[in-house]
Asks: 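Pasting in a structure now, in structure tokens, and then I'll have a few things to ask.
Any value given below was found using the heavy atoms of this structure, including those in side chains, with hydrogens, waters and symmetry copies removed. Residue numbering restarts at 1 for every chain, and letters A, B, ... go by the order of the sequence lines.
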Number of protein chains: 2
Amino acid sequence: MACLSRAGFLSTSRSIWSRRKVFIPAALRCTPATGIPIVRRTLASSSLPPSPSFQLSPWRRFLQTLGRVTLVTILTSGGVFLYITHKDRTPGPQEPFDPSKKTIVILGSGWGATSLLKSLDNEDYNVVVISPRNYFLFTPLLPSVAIGTLDPRSIIQSTRYITRHKKRIVHVYEAEATEVDPVSKTVTYQDTSPVKGQQDSGTIKYDYLVYAVGAETQTFNIPGVKEHSCFMKELKDAEKMRTMVMDCIESAAVEAGNPDSQDDINRLLHMVVVGGGPTGVELSGELHDFIVEDLKQWYPELADRVRVTLIEALPNVLPMFSKQLIQYTESTFKENKIDVLTRTMVKEINEKSVIVQNDKGELVEIPFGVLVWAAGNVGRALTRDLMAKIGATQSNKRGLEVDDFLRIKGAEDIFAIGDCTATSYAPTAQVATQQGVWLARHLGQITKKERLEARLRELRSSPGSTPEAIETTVKHINKQSKFRPFHYSHQGSLAYIGSDKAIADLPFLNGNLASGGVATFLFWRSAYVSNLFSLRNRVLVINDWLKVKLFGRDVSRD
Amino acid sequence: MACLSRAGFLSTSRSIWSRRKVFIPAALRCTPATGIPIVRRTLASSSLPPSPSFQLSPWRRFLQTLGRVTLVTILTSGGVFLYITHKDRTPGPQEPFDPSKKTIVILGSGWGATSLLKSLDNEDYNVVVISPRNYFLFTPLLPSVAIGTLDPRSIIQSTRYITRHKKRIVHVYEAEATEVDPVSKTVTYQDTSPVKGQQDSGTIKYDYLVYAVGAETQTFNIPGVKEHSCFMKELKDAEKMRTMVMDCIESAAVEAGNPDSQDDINRLLHMVVVGGGPTGVELSGELHDFIVEDLKQWYPELADRVRVTLIEALPNVLPMFSKQLIQYTESTFKENKIDVLTRTMVKEINEKSVIVQNDKGELVEIPFGVLVWAAGNVGRALTRDLMAKIGATQSNKRGLEVDDFLRIKGAEDIFAIGDCTATSYAPTAQVATQQGVWLARHLGQITKKERLEARLRELRSSPGSTPEAIETTVKHINKQSKFRPFHYSHQGSLAYIGSDKAIADLPFLNGNLASGGVATFLFWRSAYVSNLFSLRNRVLVINDWLKVKLFGRDVSRD
């Protein structure tokens, strides 16, 4: 009854209030449930926008907004991601070779050559790339591949992935340059891969040669290095090491039951790394991770017997880092039971043991299962040959001498970048990359200048041209002629040292920012990911890191 | 003023209505905006549960519920996923070897051995696995690895990934069985990998031997097969083929400019597959995908010249499939420009060409860049040696003869499963898997029986035991003695034929369900994924498929 009466009141009150657009009817129902439909109708009829957050607490409203924002972000970023990946893998048609244009021949597909290729505008050049590798290798992550943290193909990128996106067709020859003739300005190349065509070599003329062949591993002519050690320069090296490590562990497992074989098992489970640079340190660190995170699970009877030893001839590892970080690294290695032998020189390497001279000058024999040689660079035969051809001006044992514009002294049409040069900079990826980028800009500037000079000739030859026009062109030319020499700006040094710790030496303002630990590890990862040349590589590397977090590293001996 | 008056009315009306828990106050505000806070207070003070869906349309309410359900599903499934992956990669401690228990030696780590290992309860057995491969290889996806659709490590699984989850320790020796002696019941093994310990071989005694060594590739003693063709049996074969295909393309690119080399380029770009079984067909299909999806983008000048030819000696490909599906495959291949040469026998293989006898009986020379040999199995030397040892009862050229309980005829303690046997079944993964599972159950039954027999001896020897007890035990023994023979149930045949099409021949009720096309392709994928032995492999394979969809296949020659 009371309810009815209220209903009656309501019906009138609605007619009054509804004009004023308020929601009495809903409010006045004694049974809200039955009221809801009517409310909606009233709402609909009202010109008030239906506000869903009407009776939501700030928290709920916040959550709702958050949800929407997340959704939108995910959708948009997903869309952008798909768009970029699609664009990356579907390059359009390219302009053909133009005989009237100059030809740049690039030797190599490493850091220098690839960063040059990426930033070079080849509209005014015919570009030919000659390299025995048809891909770019992200060398800093090689240790991760050797331990199985990353898949080999996650850190490589086909060179055509870059060249196919250039304005003008770029020829890529998977071949080795066998001779460079600075006089006739030609390069001779040879297909050295197992499969060869009937025409497996050729000679090509260049206007500019970019010499970026890198270096090869320095063995210091120590006997046995080539035969019994595993290098860490190419992808094959990393894959070989991974296979060898697993092979040693499996061979140890085969004789595990035999009481007479215990020494031999310790030998097989001893991993020796020679060279205390970033590569050697990261290898040791990753090896330690592999032992504690994976081997312990699958080879519980052997994992604790696996030992890692790092051998360095200098007084300490990582000379390019600050004292504090070196100490941090060495103490971390101590915690991780990685033996560091500094002031120790390798004298000879046999099949199953290495003979070293320790800091006391004594000769010691160290048995090993796997020995990795990560000690320095030496110029390639091709480089030595080229230096000999040029003669007197090229006498530096470390490599090719270049001027401020990266031109080889004695052969001005050849630019040399990266590890094949002898500069005041360390032979690092960072230097090579900056040189490549600088050279791309430099070559662009040269064409600009040449275009202007052509225009000037035109103006001068044509009678109708005003002296003003000529003058301005001359001014432009003079401006373009001011080439800025190459200058290297150090972005800092990074190294992973195992158990989710990394060290970073960063030039911070005037002083130096040195940092180590887990935060630095995350920085290390993000820095490496952002330095990868393609979105593909970035996604694949992150993807691999997730895979390892979820499933661990594979212990199959592939 | 009007507003004030209403406010006045409101203040009273609230005191009236609030007891009845209705929302006049909110409703009566002339400025809803300012009203909202008060409403919230009223709401909070009221005992009515705040119903967010209060004024939401059914559509909004549906969306909201959907959102919540999705969120919950994602969170729970994610949690379960993480739990399983963690459990998989952190196996607990295991019981040690027990000299009082019988020893099962398993030779091999393929389909038969692995499915046996997975389902075997080894509480009552000491188990030793001997295999030159320390991992299981998911052979049906090998063609995908050869083309670069999948990473090699996505389709392999370390054998320890299974053995470490067993109740009792399982010894895994990465070694090759060199001799089986059915009389002294011993197996001799030898570590044949590059790295060896000083004790690289041994002999082990078995109570039961499970002989699952598989078969090797059949060359029919055709000259040049071993030297100049690429097999498709092991992971290495797939990786080798991938490298060779890219090497051919790069070698063609090197001589692309040379007008005299056009025939040689066509030769290099001709991929020949010998063998019209599932492997050969899937290889051809995947090669076609690789050409149109990837090579066209990165080698536009060469992609259209790449040709695929499938050679089969029989009148048609895929003999195990229904006529209709064979026709479907052949028409799809025609569309995809894959040449199918049936009734064609390979006579000789040279470095750069294969000599075949075509259906007209003529000898034809076909130049090729890569030739893949995917034609049949033949018993291993070890198997032939074992058969010779056993003698008269083993005379079948196809392999080991076994009885209904998979025991080798003439050596009852040796069970043989998989491709090394000569049964009425085809040498497929499916048969081997079912044999492995059956054998695991069978071995379990044997131990049960033996336990009961031991109990019976006890009862008989102890004076206190009642005849009833003995009788029931005898009954149990008789029950356990009824071993069910192995019976194969065919689940159907599947094959991928390229351009997102697959064919399936499924035993459907009594008749046969034959289907082809894109839907079948998805079925093919899900069937393969569900047949993968571990969650890890499933995730990795799906992950690889996504990678290829996003970034395409890598064309680096690793």
Side-chain angles (χ1 to χ4, degrees), chain A residues 22-24 26-28 30 36 39-40 43 48 50 52 54-57 60 85 89-91 134-135 151-153 156 158 160 164 172-175 191 193-200 235 244 247-248 250-255 258 261 264 268 297-298 536 550-552 554-558, chain B residues 20 22-24 26-28 32 36 39-40 43 48 50 52 54-56 60 85 89-91 134-135 151-153 156 158 160 164 172-175 191 193-200 235 244 247-248 250-255 258 261 264 268 297-298 536 550-552 554-558:
Chain A
V22 279
F23 316 141
I24 296 179
L28 286 171
C30 53
I36 290 159
V39 174
R40 253 184 287 100
L43 253 175
L48 240 194
F54 177 67
Q55 47 162 318
L56 296 183
S57 70
R60 291 188 137 291
T85 49
R89 65 174 291 206
T90 53
N134 75 341
Y135 57 87
D151 286 336
R153 289 186 181 270
I156 62 176
S158 163
R160 283 181 175 74
R164 278 284 289 125
V172 180
Y173 297 150
E174 193 200 50
D191 181 351
S193 63
V195 178
K196 291 177 191 61
Q198 72 187 173
Q199 188 66 44
D200 61 355
L235 202 57
M244 280 186 80
D247 201 351
C248 284
E250 287 295 353
S251 298
V254 167
E255 50 181 354
N258 188 331
S261 301
D264 193 53
L268 284 164
Q297 301 299 343
W298 310 118
R536 174 180 162 278
L550 282 175
F551 305 111
D554 185 17
V555 293
S556 312
R557 186 178 67 89
D558 169 11
Chain B
R20 291 210 175 109
V22 279
F23 314 141
I24 294 180
L28 285 171
I36 289 160
V39 173
R40 254 186 283 99
L43 250 177
L48 238 195
F54 180 68
Q55 47 162 319
L56 295 184
R60 291 186 135 295
T85 49
R89 63 174 292 205
T90 54
N134 76 341
Y135 57 87
D151 286 336
R153 289 185 181 270
I156 63 177
S158 162
R160 283 180 174 76
R164 278 284 289 123
V172 179
Y173 297 150
E174 194 200 49
D191 181 352
S193 62
V195 177
K196 292 178 190 58
Q198 75 189 168
Q199 189 65 44
D200 60 355
L235 202 57
M244 280 186 81
D247 201 350
C248 286
E250 287 295 352
S251 298
V254 166
E255 50 181 353
N258 188 330
S261 301
D264 193 52
L268 284 164
Q297 301 298 343
W298 310 118
R536 175 181 160 276
L550 282 175
F551 306 110
D554 186 17
V555 292
S556 312
R557 186 179 67 89
D558 168 12

Asks: Between B:Ala253, B:Gly197, B:Ala175, which shows the greatest number of heavy-atom pairs under 4.5 Å with chain A?
Replies: B:Gly197
Asks: How far apart are the C-alpha atoms of A:Gln198 and B:Asp264, what are their side-chain angles, what is the distance that settles it, and do they pass the side chain to side chain donor-acceptor pair (under 3.5 Å) test?
Replies: CA-CA 7 Å; A:Gln198 72 187 173; B:Asp264 193 52; 4.6 Å; no
Asks: Taking atom CZ of B:Phe551 and atom CZ of A:Arg536, what is their separation to the nearest 0.5 Å?
Replies: 7.5 Å
Asks: Any heavy-atom pair between the side chains of A:Arg557 and B:Pro194 that's under 4.5 Å?
Replies: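 A side-chain contact exists here, since the closest heavy-atom pair is under 4.5 Å.
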Asks: Could you give the distance from CD (B:Glu250) to OG (A:Ser193), rounded to the nearest 0.5 Å?
Replies: 8.5 Å
Asks: Could you measure the distance from the CG atom of B:Asn134 to the CG atom of A:Asp247? Nearest 0.5 Å is fine.
Replies: 9.0 Å
Asks: Could you check which of B:Val195, B:Leu235, B:Asp200 has the highest count of heavy-atom pairs closer than 4.5 Å to chain A?
Replies: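 Winner by heavy-atom pair count: B:Val195.
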Asks: So which of A:Val172, A:Leu550, A:Ile156 has the biggest tally of heavy-atom pairs under 4.5 Å with chain B?
Replies: A:Leu550
Asks: For the residue pair B:Gln199 and A:Ser261, what are the closest heavy atoms and their distance?
Replies: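 Looking at all heavy atoms of both residues, the shortest contact is CB-OG, 3.4 Å.
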Asks: Side chain from CB out, backbone as N, CA, C, O: work out which of these in A:Asp558 comes under 4.5 Å of a heavy atom of chain B, or both, or neither.
Replies: both
Asks: For the residue pair B:Ser158 and A:Asp554, establish whether any side-chain heavy-atom pair is separated by less than 4.5 Å.
Replies: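 The answer is yes, as the side chains (C-beta and beyond) meet within the 4.5 Å cut-off.
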Asks: List the atom of A:Pro91, the atom of B:Trp298, and the distance in Å for their closest heavy-atom pair.
Replies: CG-CZ3, 3.8 Å
Asks: Please determine, among A:Asp151, A:Val254, A:Leu268, the option with the most heavy-atom pairs under 4.5 Å with chain B.
Replies: A:Val254
Asks: Among the options A:Arg89, A:Glu174, A:Glu255, pick out the one with the most heavy-atom pairs lying under 4.5 Å from chain B.
Replies: A:Arg89
Asks: Identify which part of A:Arg164 has an atom lying under 4.5 Å from any heavy atom of chain B, answering side chain, backbone, both or neither.
Replies: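 Answer is side chain: those atoms of A:Arg164 sit under 4.5 Å from chain B.
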